[in-house]
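Take a look at the structure below.
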Amino acid sequence: MENNSSESSFADSSVVSESDTSLAEGSVSCLDESLGHNSNMGSDSGTMGSDSDEENEMKRASPEPELHLRSYQMEAAKPALEGKNIIICLPTGSGKTRVAVYIAKDHLDKKKKDSEPGKVIVLVNKVPLVEQLFCKEFKPFLKKWYRTMGLSGDTQLKISFPEVVKSYDVIISTAQILENALLNSEKGEDAGVQLSDFSLIIIDECHHTNKEEVYNNIMRRYLKQKLKNNKLRKENKPAIPLPQILGLTASPGVGGATKQEKADEHVLKICANLDAFTIKTVEENIGELRAQIKEPCKKFAIADDTREDPFKEKLLEIMTKIQTFCQMNPMSDFGTQHYEQWAIQMEKKAARDGDRKERVCAEHLRKYNEALQINDTIRTIDAYNHLETFYNDEREKKFAVLEDDSDESGDGDDDGDKDEDDEKKPWKLDGTDRFLMTLFFENKRMLKKLAENPEHENEKLMKLRNTIMEQYTRTEGSARGIIFTKTRQSAFALSRWITENEKFSEVGVKAHHLIGAGHSSEFKPMTQNEQKEVISKFRTGKINLLIATTVAEEGLDIKECNIVIRYGFVTNEIAMVQARGRARADESTYILVAPSGSGVIEREIVNDFREKMMYKAIDHVQNMKPAEYAHKISELQMQSIMEKEMKIKRSNAKHYKENPSLITFLCKNCSVLACSGEDIHVIEKMHHVNTTPEFKELYIVRENKALQKKFADCQTNGEIICKCGQAWGTMMVHRGLDLPCLKIKNFVVSFKNKSPKKQYKKWVELPIAFPDLNYSEYCLFSDED
């Protein structure tokens with residue numbers, strides 16, 4: 001469960017930086033008379049806030065930050081201060097979180113004054129946001145009066161989540177932790193938590209309260225209880241108290257709408273999902289808001305890519321040979337997203353059909369296609385390195401298998417640099433492997449030579465270089481920028497390109513990449529601590545150019561920039577507003593660098609159009625007649641609940657909980673029978689292991705330093721691979737036991753009831769329930785010492 005792993009809670013931290021208190025400076029004081037001055041809290045006689053003379057002396061030496069709101073912030077907060085459910089829609093950098101802190105304090109103050117129980121939970125959708133909101137916003141302003149706790153999947157709890165809820169007044173948490181606790185409560189697994197335990201729920205980046213997002217799963221429970229309460233009231237029975245809801249967003253978006261009517265409906269849906277009385281924007285104090293938020297100057301840098309590209313030509317030649325070899329004829333162009341999707345589908349189909357030749361060819365074509373995309377985005381040498389890494393890894397797997405079979409070592413340990421030996425080595429390959437490996441290693445030298453030739457530089461990179469040089473020369477040392485790019489790999493490669501190029505350092509550019517901490521990508525993620533360190537250095541100026549994936553678009557507290565560059569990709573209008581909102585220093589510039597004819601510029605123009613539609617939709621929703629609005633909201637809420645019920649019914653119909661022995665697992669590469677479903681056991685509800693002695697005979701363990709990780713209750717020590725060279729999973733150590741942990745994406749699942757074979761990305765998608773591993777029983781019957 002997410003709330004049971006890793007290191008330390010933030011319960012005792014209290015950090016506040018200059019940039020984070022800036023909203024209080026010179027602001028309009030709008031504190032209520034009562035705010036923070038009730039006799040039973042915050043005063044010298046109060047229990048929570050009681051101070052000794054010694055403590056008061058310390059307080060005078062280090063004053064508490066004062067909680068002030070500007071006029072526009074108070075305008076946005078007004079309905080929430082009256083106890084209404086609302087969505088506050090304020091631009092990035094306008095102090096939405098400060099408004100939420102103020103509302104939370106006002107809410108708790110009033111509850112305390114009325115001798116009613118008050119408890120606030122602040123939900124976020126990204127782990128780093130927990131510490132950010134806790135340390136920089138809620139803790140500094142509330143610590144004098146209320147017990148505050150920050151909690152995420154990276155927090156090692158000494159007590160359970162229900163105990164945290166009982167013990168603290170304000171909890172900042174990832175939404176998944178609350179969802180898990182609500183699920184546990186429903187299953188009766190522990191004392192659990194109810195929504196009624198809270199009196200106010202604050203939802204950060206609330207535009208994610210949609211479809212099957214975790215925010216929406218939580219809110220559906222709220223809506224169901226609301227309907228039950230209506231029924232109870234009609235029967236004159238006591239209703240279950242429900243918390244007040246406060247949503248925060250810079251942009252609710254339009255949900256892909258192309259017509260105004262659909263945009264209106266999308267905004268209404270978000271309001272319905274959050275049970276909002278209204279969506280609140282600034283109207284009366286718009287002048288003050290505009291003075292606070294600097295709109296950047298928007299520019300396009302269009303690259304006309306007419307360069308000769310012999311590296312690309314060589315890759316196309318190799319890909320054509322592979323397609324001819326396996327008699328494939330895709331309809332998509334090389335180097336496109338469509339081609340990649342085609343290759344993935346072919347790989348899956350061939351694995352299900354047991355057609356190894358086609359599957360392996362599709363996998364290799366996908367790697368070449370990725371190299372084409374890298375060549376189109378970053379340096380040619382990065383594309384070459386991508387292929388070289390893949391083929392060296394493939395070769396190492398084959399040698400690992402060869403050494404295991406022959407019990408000889410020494411022959412297969414050569415480094416990948418001795419090209420002349422490549423073809424002579426006794427690879428354990430079939431005809432397809434031999435063809436593909438030979439094809440790459442025969443062309444390896446030529447590809448490397450072409451990749452190292454600076455004459456054929458990517459036109460987009462030249463545009464990016466000119467843009468960075470121009471901006472950093474113009475701003476004379478005060479420049480601070482973010483480049484948004486599509487993939488982790490491109491962020492890392494661009495960072496390295498800038499660092500290695502002396503021209504950039506001459507104009508004072510100090511660059512570093514900032515990527516996500518999740519494990520969804522093949523590229524190694526950043527840890528939370530690495531992210532924090534980079535953002536801290538960016539804030540202090542040790543780094544003045546971040547090359548980031550979408551992780552930096554939303555929520556993360558990144559110092560105001562005067563340059564924001566989107567490099568070769570755009571997504572939707574929400575991301576555009578978020579990214580542009582990062583350029584909030586004086587005289588900022590927002591630049592889109594893209595190749596002509598790629599459709600990127602056109603998508604950005606569509607996003608501009610959608611943004612205008614969004615503001616029109618918000619205006620329309622705000623001006624609906626109250627009766628019409630209430631009717632529409634009620635209708636959409638019922639629809640959301642019914643749709644979920646239908647999904648659950650369909651899902652239950654699919655999930656037969658019969659004996660796991662109904663399925664078998666085949667290696668997706670060579671179709672060898674790996675094991676039966678009845679051999680699989682589960683650890684911690686997520687790790688799927690096979691502990692049978694028969695299974696041990698089918699794989700070998702290969703050391704892989706990139707896979708070596710420590711978790712709270714286990715660690716991974718290497719990779720397990722099939723005798724054909726296909727990776728099957730990792731070797732994990734759990735409570736002192738070495739256990740092979742399988743990744744389902746590496747297998748084809750065969751059903752004994754004649755259902756077609758299938759491939760799954762995640763275990764959770766497989767409609768079979770596996771038993772938990774009985775640790776004691778396993779130790780008893782294990783042949784290990």
Side-chain angles (χ1 to χ4, degrees), residues 318-330 339-370 387 390-406 412 422-423 425-442 522 663-677 690 694-695 697-700 702 719-729 740 742-752 754-761 766:
I318 292 170
M319 289 172 84
T320 306
K321 281 181 181 174
I322 296 172
Q323 286 184 176
T324 307
F325 173 76
C326 61
Q327 297 178 327
M328 285 178 175
N329 190 22
Y339 189 94
E340 187 180 335
Q341 286 161 0
W342 167 83
I344 290 167
Q345 290 308 316
M346 289 306 294
E347 203 180 325
K348 283 182 178 176
K349 183 183 178 297
R352 287 195 302 269
D353 297 345
D355 186 337
R356 188 177 182 279
K357 179 180 177 179
E358 201 164 280
R359 194 206 70 78
V360 177
C361 286
E363 182 188 8
H364 285 241
L365 283 169
R366 180 153 65 95
K367 289 293 167 189
Y368 280 105
N369 197 64
E370 285 167 2
L387 284 173
F390 171 72
Y391 278 100
N392 283 346
D393 193 51
E394 285 293 292
R395 188 171 58 176
E396 275 178 36
K397 283 180 193 170
K398 304 300 175 193
F399 275 122
V401 172
L402 190 71
E403 285 168 14
D404 186 69
D405 278 5
S406 61
D422 287 339
E423 305 92 75
K425 289 175 181 174
W427 290 331
K428 183 175 181 174
L429 309 174
D430 67 7
T432 306
D433 287 324
R434 192 169 294 282
F435 169 76
L436 292 166
M437 300 290 268
T438 305
L439 188 59
F440 174 76
F441 284 106
E442 276 180 351
E522 286 180 24
I663 58 170
T664 51
F665 295 93
L666 313 175
C667 172
K668 79 168 185 181
N669 184 46
C670 67
S671 299
V672 71
L673 175 63
C675 62
S676 160
N690 184 338
E694 296 79 19
F695 185 63
E697 303 301 314
L698 299 176
Y699 65 83
I700 55 170
R702 181 174 79 117
E719 190 174 29
I720 58 169
I721 57 175
C722 174
K723 299 286 176 81
C724 71
Q726 170 63 45
W728 276 0
L742 280 58
K743 287 188 177 175
I744 196 167
K745 66 177 185 179
N746 297 323
F747 298 91
V748 173
V749 180
S750 176
F751 296 85
K752 290 182 183 175
K754 307 296 181 194
S755 292
K757 290 173 185 171
K758 283 188 181 176
Q759 266 197 290
Y760 297 91
K761 272 189 182 176
L766 180 64

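Please read these numbers as outputs of a predicted model, since none were measured by experiment. For this chain, numbers begin at 1 and follow the sequence in order.
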When every non-hydrogen atom of Phe665 is compared with those of Gly677, the smallest separation belongs to CE1-CA, 3.8 Å
Against Asn669, only a single residue in Arg356, Gln726, Glu363 fulfils side-chain hydrogen bond (donor to acceptor under 3.5 Å, both in side chains); can you say which? Arg356
With rounding to the nearest 0.5 angstrom, report the CZ to CD1 distance, Arg702 to Ile721. 5.5 Å
Centroid-to-centroid, Trp728 to Phe695, below 6.0 Å? yes
Donor-acceptor under 3.5 Å (Arg359 side chain, Lys668 main chain): yes
Pair Val748-Ser671, side chain to side chain contact (heavy atoms under 4.5 Å, CB included): steps then yes or no: CA-CA 8 Å; Val748 173; Ser671 299; over 6 Å; no
Rounded to the nearest 0.5 Å, how far apart are CE of Met346 and SG of Cys326? 7.5 Å
Out of curiosity, Lys752 NZ to Ser676 OG, how far, rounded to the nearest 0.5 Å? 5.0 Å
Consider side chain to side chain contact (heavy atoms under 4.5 Å, CB included). Of Thr664, Ile663, Leu666, which one does Lys757 pass it with? Leu666
Smallest separation among heavy atoms of Ala674 and Leu698, with atom names: O-CD1, 3.2 Å
Return the OH to CG distance between Tyr339 and Leu365, rounded to the nearest 0.5 Å. 4.0 Å
For the pair Arg366 (side chain) and Glu340 (backbone), establish whether a donor and an acceptor sit closer than 3.5 Å, ignoring hydrogens and angles. no
Could you tell me whether Lys357 atom NZ has more than 12 heavy atoms of other residues or ligands within 6.0 Å of it? yes
Taking salt bridge (Lys or Arg N to Asp or Glu O under 4.0 Å) as the test, write out the residues that go with Asp353, two or more places apart. Lys349
Is the shortest heavy-atom distance from the side chain of Lys758 to the side chain of Leu766 under 4.5 Å? no
Is there a side-chain contact between Glu370 and Phe390, using heavy atoms and a 4.5 Å cut-off? no
Would you find a donor on one side and an acceptor on the other, under 3.5 Å apart, between the side chain of Lys723 and the backbone of Glu697? yes
Looking at every non-hydrogen atom in both residues, tell me the closest pair between Leu387 and Lys367 and how far apart they are. CD2-O, 3.8 Å
Quick one: do Asn369 and Met319 satisfy side chain to side chain contact (heavy atoms under 4.5 Å, CB included)? Show the steps, please. CA-CA 8 Å; Asn369 197 64; Met319 289 172 84; 4.1 Å; yes
Supply the atom-to-atom distance Cys722 SG to Asn746 CG, rounded to the nearest 0.5 angstrom. 10.5 Å
Is Tyr368 close to Phe440 at the side-chain level, that is, under 4.5 Å between some pair of heavy atoms? yes
As an exercise, state the distance from CZ of Phe325 to OG1 of Thr432, rounded to the nearest 0.5 Å. 4.5 Å
Closest heavy-atom pair and its distance - Pro756, Phe751: O-CD1, 3.6 Å
